[in-house]
Amino acid sequence: MMTELSNDSCSNNTIVVEDLSLEYGHNVIQQDLNFTIKRNDIFIIMGNSGSGKSTLMRSMTGLNAPASGDVFYHCRNDKNEQHGFWQSSNAMQLKIMEQFGVMFQNGALFSSMTLIDNVSLRLLETTQYSPRRIRKIAAFKLSLVGLKGFEHYFPSEISGGMQKRVAIARAMAMDPPILFFDEPSAGLDPVSSKLLDDLLLELQESMGITMVVVTHELDSIFAIGNNAIFLDHEQKTIIARGHPKQMLLDNPHEQVQSFLTRGNK
């Protein structure tokens with residue numbers, strides 16, 4: 001069930017991060033970041049704690065402005081595709097933000113709202129659909145993540161893994177062609193984490209969604225990622241890129257090898 005929100009939706013997405021630098025005050029977090037995310041990638045942003053993974057994602061999703069550089073969302077029908085996100089007008093930024101959904105690390109569900117109400121919220125705020133149609137769309141999104149029959153439960157009544165699935169359903173509510181995930185497996189047991197990985201692969205295969213995933217979970221990195229970058233907290237830039245499995249086999253950086261083997265190689 002597509003929500004048909006716009007005839008201008010990006011159908012040929014690439015994301016280009018160009019000369020991006022991130023700072024807190026005068027403290028440089030990352031600098032000179034350049035990479036491209038292709039359509040249908042499951043793109044992994046990885047690195048040790050404090051390397052700026054979540055900060056980078058927040059800059060890519062319009063939540064925190066970078067110190068310099070920009071993020072380009074290239075769309076086949078976008079006449080303004082040469083303008084970076086942070087150079088664009090507020091109206092254009094909002095239009096670009098309609099093209100992606102975000103799942104935050106803790107899920108960020110509203111505890112006082114049922115699951116279907118959580119998923120419905122953005123549709124209520126940004127569309128003129130009837131309440132009946134919105135609830136039908138929200139119920140369908142919950143069914144896509146395996147939660148049919150749980151529409152009227154509250155977050156406190158379901159498991160942590162199920163809460164993550166609700167957050168994914170909410171991120172998908174507007175049928176965005178791009179999804180961002182910040183540590184989606186955080187706090188989950190291995191079985192729940194594997195089920196979540198399987199769900200992401202299924203959604204990517206069946207719906208052709210481009211996914212950007214911030215994670216430090218090795219099993220997830222190797223199970224779902226087909227492209228990746230490694231942010232180094234000492235050099236404060238990207239020191240490795242490519243398929244995670246290829247990084248493991250052929251990468252000269254000790255930091256990368258230690259991360260991908262947890263120091264056991």
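No hydrogens, no waters, no symmetry mates; every other heavy atom, side chains included, goes into these values. Keep in mind it's a predicted model, so treat the numbers as computed, not measured.
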Is there a donor-acceptor pair closer than 3.5 Å between any side-chain N or O of Lys164 and the backbone N or O of Ala186? yes
Non-hydrogen side-chain atoms of Ile209 and Ile178 separated by less than 4.5 Å: no
Kindly check if the number of other-residue, nucleotide or ligand heavy atoms within 6.0 Å of CG (Asn34) is above 12? yes
Can you check whether Pro176's main-chain N or O pairs, donor with acceptor, with Glu98's side chain at less than 3.5 Å? no
Give the minimum heavy-atom separation between Ser120 and Arg135, together with the two atoms involved. OG-CA, 4.4 Å
CD on Gln163 to CD on Glu157, rounded to 0.5 Å: 11.0 Å
If I compare all heavy atoms of Pro244 with all of Gly225, which pair ends up nearest, and what's the gap? CD-O, 3.8 Å
Under a 3.5 Å distance rule, please check whether His253 uses its side chain to pair with a backbone N or O of Ile239 as donor and acceptor. yes
Any idea which heavy atoms bring Val119 and Ala169 closest together, and the distance? CG1-O, 3.9 Å
Say whether, by atom type as modelled, one donor and one acceptor occur between the side chain of Asp70 and the main chain of Trp86 under 3.5 angstrom. yes
Checking Asn118 side chain against Met113 main chain: does a donor-acceptor pair fall under 3.5 Å? yes
Leu22 CG to Asn27 CG distance, which is reported to the nearest 0.5 Å: 11.0 Å
Can Leu142 be reached from Phe140 by stepping across I, L, V, M, F, W or Y side chains whose heavy atoms are under 4.5 Å apart? yes
Looking only at atom types and distance, does a side-chain atom of His243 sit under 3.5 Å from a main-chain N or O of Lys245, one as donor and one as acceptor? yes
Going only through I, L, V, M, F, W and Y residues with side-chain contacts under 4.5 Å, is there a path from Leu201 to Ile168? yes
Just do the side chain to side chain contact (heavy atoms under 4.5 Å, CB included) check on Glu183 and His216 with the steps written out, would you? CA-CA 7 Å; Glu183 298 286 3; His216 67 277; 3.1 Å; yes
With a 4.5 Å cut-off on side-chain heavy atoms, are Pro155 and Leu115 touching? yes
Can you check whether Val145's main-chain N or O pairs, donor with acceptor, with Arg165's side chain at less than 3.5 Å? yes
Search all heavy atoms of Gly69 against all heavy atoms of Leu20 and return the closest pair with its distance. C-CD1, 3.7 Å
Between Leu144 and Met172, which heavy-atom pair has the shortest distance, and what is it? CD1-CE, 3.7 Å
Using the side chain to side chain contact (heavy atoms under 4.5 Å, CB included) rule, take Phe181 and Val212 through it: C-alpha gap first, then chi angles, then the decisive distance, then the call. CA-CA 6 Å; Phe181 301 93; Val212 183; over 6 Å; no
Answer yes or no: is there a donor N or O on one side and an acceptor on the other, between the side chain of Ser193 and the main chain of Pro190, under 3.5 Å? no
Heavy-atom check, side chain of Leu231 versus side chain of Leu33, under 4.5 Å: yes
Say you draw a straight line from CD of Glu217 to CG of Leu196; how long is it, rounded to the nearest 0.5 Å? 10.5 Å
Which of Met60, Met92, Met97 passes side chain to side chain contact (heavy atoms under 4.5 Å, CB included) with Phe85? It is Met97
Taking the six-membered ring where the residue is Trp, are the ring centres of Tyr73 and Phe100 under 6.0 Å apart? yes
Donor-acceptor under 3.5 Å (Ser88 side chain, Gly84 main chain): yes
dist Ile44:CD1 -> Asn226:CG (nearest 0.5 Å) comes out at 8.0 Å
Return the minimal non-hydrogen interatomic distance between Pro177 and Gln99, and the atom names on each side. CD-O, 2.9 Å
Give, for atom CG of Asp41 and atom OG1 of Thr36, the distance between the pair rounded to the nearest 0.5 Å. 9.5 Å
Using a 3.5 Å distance criterion without hydrogens, assess whether the side chain of Glu151 forms a donor-acceptor pair with backbone atoms of Gly149. yes
Do Lys194 and Asp189 meet the salt-bridge criterion of a basic N to acidic O distance under 4.0 Å? no
State whether a side-chain donor-acceptor pair under 3.5 Å links Asp117 with Thr114. yes
Looking just at side-chain N and O atoms, do Asp32 and Thr237 make a donor-acceptor pair shorter than 3.5 Å? no
Other residues, nucleotides, ligands: >12 heavy atoms within 6.0 Å of Phe222 CZ: yes
In this structure, would Ile224 and Met207 fall into the same cluster of hydrophobic residues linked by side-chain contacts under 4.5 Å? yes
Carefully, step by step, assess Gln30 and Glu23 under the rule side chain to side chain contact (heavy atoms under 4.5 Å, CB included). CA-CA 7 Å; Gln30 287 287 324; Glu23 297 180 0; over 6 Å; no
Side chains of Ser21 and Val28: closer than 4.5 Å at any heavy-atom pair? no
Is any side-chain heavy atom of Asp175 closer than 4.5 Å to one of Lys141? yes
Across all chains, not counting sequence neighbours, the side chain to side chain contact (heavy atoms under 4.5 Å, CB included) partners of Asp182 are Ser54, Met57, Gln105, Val214
Side chains of Phe72 and Ile15: does their closest heavy-atom pair fall under 4.5 Å? no
Give the C-alpha distance, both sets of side-chain angles, the deciding distance and a yes or no for ring pair (Phe, Tyr, Trp, His ring centres under 6.0 Å) between Phe259 and Phe230. CA-CA 10 Å; Phe259 179 89; Phe230 185 92; 5.3 Å; yes
In one Ile/Leu/Val/Met/Phe/Trp/Tyr side-chain cluster, 4.5 Å: Leu147, Phe110: no
CG-CZ distance between Asn227 and Phe43, expressed to the nearest 0.5 angstrom: 5.0 Å
Evaluate the side chain to side chain contact (heavy atoms under 4.5 Å, CB included) criterion for residues Phe180 and Met103: first the C-alpha distance (whole Å), next the side-chain angles of each, then the deciding distance (0.1 Å), finally the verdict. CA-CA 6 Å; Phe180 288 88; Met103 175 188 169; over 6 Å; no
Check whether any side-chain heavy atom of Val213 sits under 4.5 Å from a side-chain heavy atom of Met46, and report yes or no. no
Could you tell me if the side chain of Val16 sits less than 4.5 Å from the side chain of Phe35, heavy atoms only? no
Taking a hydrophobic cluster as the set of Ile, Leu, Val, Met, Phe, Trp and Tyr residues connected by side-chain heavy atoms closer than 4.5 Å, whether directly or through intermediates, do Leu195 and Phe150 fall within one such cluster? no
